[in-house]
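Report on one structure; see the data block that follows.
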Amino acid sequence: MDKSATNTSFWSKVIGVQLYDSYETDENGRAPSVSIVRLLYSILLFAGFLVGAYKAVETIVFPDPTANSPSIFIFALMTQVYSGALGAVICYLSLWRTERMKCVYIAGIRFSNAKINDRYYQFRNMTVPAKQSLMVTASLALLLILSLCECYAQYNLTNYFTIVAIVYPLWMFHVTILEFISLVKSTECILTKLNWMLDAFLESLQRQSTPSAPLKGEKKSLNKVHPIGRRPYVQEHELISGERLTYMFVIHENVAKLAEFINGAFSLQIIAIVTVTFVNTLFGFFIGTKLLFWNYQMIDLILRAGRYACECIPACLLIYYMLIVCAATHNELYKSASLLHKLLQYKSNYFIDDQALFERSKAIALQLLHRKRFSLFDGSGLFKLDFTFIFSVMIFSAATSYLIVLLQFDLSKDLQRANIHPNVQ
């Protein structure tokens, strides 16, 4: 795992969503085990959150009778607390299962990488360059700023338990998505390395077929699957082998199964997080739109509505980055099928003595092409975690329809009462 995965693991321990001491086996080969200290810490942290959520609900249901806050803000706060508590409960109920599956996944990814380095020793020094996205940094910074604003606002109202009920689910959702992204990135790195190796196979075959002709794309390094500076010099007789190609198919299939495995581990959490983010963002922009069109001079209420609407923006940024990573991993899987199809064109000088290997390679290529229609990552089949997710019926159409329905509600009397008492906080 890379440095970003290490940072994610650290924050998972702080938030209480990591139950294992380590995901690596010890010197005796024993599998990771649950840490009693972390388990108790997670239970105490979650129990404290439930107490804070319960006290926050009491404050919302039985507000101060001297306050004249619009009831729409009370409904918004109730929606935020209830949805955050429901999402947190779902994530914690599936945490034990997710942690066990995560241990199996990490062990499988490391074992696949070790097999690549052992069997294909020429590629041992080929490493996938780490790509750090600014979206992660921006979302974390924005979440920190909005959390401080929420803490300051609730502190002035002496609603201390509400701070816990609102802020903790936001950070827990953020860390959970970051964990999922780091695991998907490790899958993408393995698939990228396998594609580099397939591309090296093609280079070797091209040199054997047309030794005097320049390599295709040699003058344009951008056409290469792997960086031109990282391409190793490999002797053709050391690279081309039916046994090696078959072994590569096995590793590729195992990595694809591991991707589906980790998708099943995090599907329930992703569904809960996406649903909570969708509901709160939609309701927040509804309140902001009503205030701006009804009376844009109500600065205090507009700021409160803006703070409420923007609290889910960091999660939206991170979800969008998750879609980018999942789509890139799916594209790497499809790229393997394209490279394998190019490799099958050299049947006359490579597969002529091994018809069984040719038929198996063709079947695997067709299987990978067929998988292009089905995303590796989805929310238990409810939606695809790629760019089609943004324009899916659940998000684009539902958001438009629900927002139109909400805007039809008349809040003029409720807001008029708040306008008469402009000193409300």
Side-chain angles (χ1 to χ4, degrees), residues 11-12 15-17 45-46 49-50 52-54 56-57 60 72-95 98 135 139-140 142-144 146-147 149-150 154 161-181 265-288 305-323 326 377-380 382-385 389-390 392-403 405-406:
W11 287 110
S12 299
I15 300 299
V17 293
L45 198 64
F46 184 57
F49 162 71
L50 292 180
Y54 176 76
V57 169
I60 297 170
I72 187 62
F73 283 97
I74 298 177
F75 294 146
L77 194 59
M78 290 176 61
T79 302
Q80 190 174 14
V81 173
Y82 285 151
S83 61
L86 179 61
V89 169
I90 292 175
C91 290
Y92 265 99
L93 288 179
S94 56
L95 182 59
T98 300
M135 287 187 183
S139 62
L140 288 173
L142 187 58
L143 180 61
L144 178 61
L146 291 173
S147 299
C149 293
E150 186 67 40
Q154 298 299 333
F161 290 105
T162 309
I163 298 175
V164 179
I166 293 178
V167 174
Y168 179 75
L170 296 177
W171 283 95
M172 190 189 69
F173 295 162
H174 229 67
V175 171
T176 302
I177 297 177
L178 283 174
E179 270 197 331
F180 179 68
I181 290 175
F266 279 86
S267 288
L268 195 59
Q269 290 95 320
I270 295 299
I271 293 174
I273 293 170
V274 169
T275 304
V276 171
T277 304
F278 172 75
V279 171
N280 288 314
T281 303
L282 184 66
F283 205 80
F285 279 102
F286 155 67
I287 299 174
R307 188 186 74 239
Y308 174 78
C310 293
E311 282 178 359
C312 288
I313 297 300
C316 292
L317 287 176
L318 204 59
I319 289 174
Y320 180 70
Y321 179 61
M322 177 183 66
L323 300 180
C326 292
F377 307 99
D378 55 16
S380 296
L382 294 179
F383 43 74
K384 295 180 179 179
L385 293 180
F389 173 81
I390 302 175
S392 63
V393 176
M394 180 180 175
I395 298 300
F396 191 75
S397 177
T400 305
S401 302
Y402 294 155
L403 188 59
V405 172
L406 287 173

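Here the SG-CD1 distance, from C326 to I319, works out to 11.5 Å after rounding to the nearest 0.5 Å. Interatomic distance, L142 CG to I313 CD1, rounded to the nearest 0.5 Å: 7.5 Å. Taken from CZ in F389 to CG in D378, the straight-line distance is 11.5 Å, to the nearest 0.5 Å. In this structure, Q154 CD and F161 CZ are separated by 13.0 Å, a value rounded to the nearest 0.5 Å. For the atom pair OG of S267 and CG of L382, the computed distance is 8.5 Å after rounding to the nearest 0.5 Å. Within the model, atoms CG of L268 and CG of L95 stand 11.5 Å from one another, a figure rounded to the nearest 0.5 Å.
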If you apply the rule side chain to side chain contact (heavy atoms under 4.5 Å, CB included), what do you find for N280 with S83, and how did you get there? CA-CA 8 Å; N280 288 314; S83 61; 3.1 Å; yes
Start with the C-alpha distance between Y82 and V57, add both sets of side-chain angles, then the distance that settles side chain to side chain contact (heavy atoms under 4.5 Å, CB included), and finish with yes or no. CA-CA 8 Å; Y82 285 151; V57 169; 3.2 Å; yes
Candidate pair L318 and I181, rule side chain to side chain contact (heavy atoms under 4.5 Å, CB included), full reasoning: CA-CA 9 Å; L318 204 59; I181 290 175; 4.2 Å; yes
Side chain to side chain contact (heavy atoms under 4.5 Å, CB included) assessment of T275 paired with L86: CA-CA 10 Å; T275 304; L86 179 61; over 6 Å; no
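Shown here for M322 and I177, the closest heavy-atom pair between the two residues is SD-CG2, 4.1 Å. Of all non-hydrogen atoms in V276 and G84, the two that sit nearest each other are CG1-N, 4.4 Å. Heavy-atom minimum distance, E311 versus L146: CA-CD1, 3.7 Å. Closest approach of L143 and L170 over heavy atoms only: CD1-CB, 4.0 Å. Of all non-hydrogen atoms in M172 and A88, the two that sit nearest each other are CE-CA, 3.2 Å. In plain terms, the two heavy atoms of A272 and I90 that are nearest each other are CB-CG2, 4.0 Å.
In this structure, T281 contributes its side chain and F278 its backbone to no donor-acceptor pair below 3.5 Å. Proximity of a side-chain donor or acceptor of T98 to a complementary backbone N or O of A265 within less than 3.5 Å is detected.
Exactly one of Y54, W171, Y168 qualifies for a ring-ring contact (aromatic ring centres under 6.0 Å, His included) with F49. That residue is Y168.
You'll find the side chain of I270 reaches within 4.5 Å of the side chain of F180, heavy atoms only. Contact of the F266 side chain with the E179 side chain is registered, since non-hydrogen atoms from C-beta on lie closer than 4.5 Å.
Around atom OH of Y92, more than 12 heavy atoms belonging to other residues, nucleotides or ligands sit under 6.0 Å away.
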